2 protein chains.
Amino acid sequence: MEHRIERIKKQLHSQSYKLTPQREATVRVLLENEEDHLSAEDVYLLVKEKAPEIGLATVYRTLELLSELKVVDKINFGDGVSRYDLRKEGAEHFHHHLVCIECGSVEEIEEDLLGDVEKLVEGQWGFQVKDHRLTFHGICRVCQKQAVAASASEGNEEN
Amino acid sequence: MEHRIERIKKQLHSQSYKLTPQREATVRVLLENEEDHLSAEDVYLLVKEKAPEIGLATVYRTLELLSELKVVDKINFGDGVSRYDLRKEGAEHFHHHLVCIECGSVEEIEEDLLGDVEKLVEGQWGFQVKDHRLTFHGICRVCQKQAVAASASEGNEEN
DNA sequence: TTCTAAATTGAATATGATTATCACTGTTAA
DNA sequence: TTAACAGTGATAATCATATTCAATTTAGAA
């Protein structure tokens with residue numbers, strides 16, 4: 001953790017930005033909640049717990065800054081809010097997401113599934129790929145099981 | 001064109017919605033601008049040309065409705081607005097996009113590039129894929145050429 | 001056709017996320 | 001020390017989208 005903060009600090013400095021206490025607190029929240037896909041508001045509430053004096057505007061500014069530096073990726077799952085997702089250290093590409101249309105859960109896939117597809121796009125469309133966004137919409141493992149269980153008990157009145 | 005409108009009409013009727021003049025005008029605009037990725041505001045302005053009495057709220061409602069019926073896909077390229085893209089007739093999956101980070105142009109790929117990847121996701125992650133969103137960010141053919149031209153003329157003062 | 005209930009509309013307003021403004025503070029470097 | 005200046009928090013402004021509501025239109029029933 002400290003190592004990653006140190007690294008982000010260097011990234012900031014390299015563009016003559018500072019790692020202020022507010023920015024550090026924000027980064028720590030992102031690191032501690034790496035699994036989640038927090039909105040700016042979510043981040044704000046979590047940062048407030050450690051640094052109650054921080055303002056919402058600062059959180060937005062920090063997230064925007066981290067986004068420019070490619071420390072986080074700004075993503076959008078179609079609800080009205082942007083979410084911020086830490087990029088894995090050294091990751092060249094954005095990771096993929098599995099969004100469940102039943103329960104709304106979001107799972108991440110770190111593996112790069114698109115190597116071949118990107119080559120195809122570069123070759124066939126002459127498009128020089130720099131990054132990608134891939135999201136699958138469907139039904140997660142848990143909801144699939146629930147669906148099976150529900151249909152199995154069909155006919156036996158349970159309520 | 002008429003054929004496609006007829007088909008959308010049937011889809012609406014099957015859920016007991018009506019193809020009102022306002023909805024028809026909106027659909028026509030979408031059909032006539034199939035190449036583009038129009039925002040709600042864009043659609044509104046274009047529909048106004050044929051049906052000046054239409055309200056913005058109606059356009060939003062219509063686009064939302066068409067989105068539910070999977071006639072259009074609501075997409076988001078990271079600027080603050082949703083864009084609406086007609087789904088090709090009979091297309092099971094959403095098509096892909098190539099977004100140029102230089103000039104902002106958006107190209108579409110109709111081919112389904114993800115057959116293999118989806119099988120992998122279903123097998124390895126147990127996730128039942130219903131749809132996907134895939135966008136590549138990079139540099140389009142035109143901007144690549146311009147970059148080459150610019151670097152070639154480097155040193156010769158041209159202005 | 002006439003009637004009726006439900007669907008749809010436009011205008012206006014409300015909402016909610018994000019951005020801009022601005023006065024103030026802390027930091028840096030001469 | 002002081003003079004920039006980056007960074008901050010509170011607040012107001014913006015902008016896309018959703019909602020409300022009274023008026024209108026529509027598809028069938030009678």
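So you know, we letter chains A, B, ... as the sequences are listed, proteins then strands, and number each from 1. Only a predicted model underlies this, so the values are computations on that prediction, with no experimental measurement involved.
In terms of position on DNA chain D, the residue among A/A57 and B/E41 whose nearest nucleotide sits closer to the 5' end is A/A57. Sequence order on DNA chain D of the closest nucleotides to B/G80 and A/Y44 puts A/Y44 first from the 5' end.
Between the C1' atom of D/dA27 and the CD atom of B/Q15 lies a distance of 18 Å, rounded to the nearest Å. As a whole-Å value, the separation of B/R83 CZ from D/dA16 P is 11 Å. Atoms CG (B/L19) and C1' (C/dT8) sit 12 Å apart, rounded to a whole Å. Look at CG on A/D79: it is 9 Å from P on C/dT18, rounded to the nearest Å. Following rounding to the nearest Å, B/L38 (CG) and D/dA16 (C1') show an atom-to-atom distance of 16 Å. Rounded to a whole Å, the CD atom of A/E24 is 15 Å from the C1' atom of D/dG7. If you measure from atom OH of B/Y17 to atom P of C/dA6, you get 16 Å, rounded to the nearest angstrom. Distance CG (A/L66) to P (D/dG7): 12 Å, rounded to an integer number of Å.
Between the CG atom of A/D73 and the NZ atom of A/K88 there is a distance of 10.0 Å, given to the nearest 0.5 Å.
Both cation-pi conditions hold for B/R133 and B/F94: the charged atom is under 6.0 angstrom from the six-membered ring centre and inside a 45 degree cone around its axis. At least one test fails for A/R141 against the ring of B/F127: distance under 6.0 Å to the centre or angle within 45° of the axis.
Contact annotation: B/Q22 side-chain N/O to D/dT25 OP1/OP2 distance is not under 4.0 Å. Side-chain N/O atoms of A/T20 include one lying less than 4.0 angstrom from OP1 or OP2 on D/dT8. Phosphate proximity of C/dT18 to A/Y60: present, with a side-chain N or O under 4.0 Å from OP1 or OP2. Under 4.0 angstrom from either OP1 or OP2 of D/dA18 there lies no side-chain N or O belonging to B/R61. Considering only side-chain N and O atoms, B/S82 lies under 4.0 angstrom from the phosphate OP1 or OP2 of D/dT17.
Distance from the side chain of A/K18 is smallest for D/dG7 among the nucleotides D/dG7, C/dG10, C/dT19.
A centroid separation of 6.0 Å or more is found between the aromatic rings of A/Y84 and A/H37.
Within 6.0 Å of the CD atom in B/E122, the count of heavy atoms belonging to other residues, nucleotides or ligands exceeds 12.
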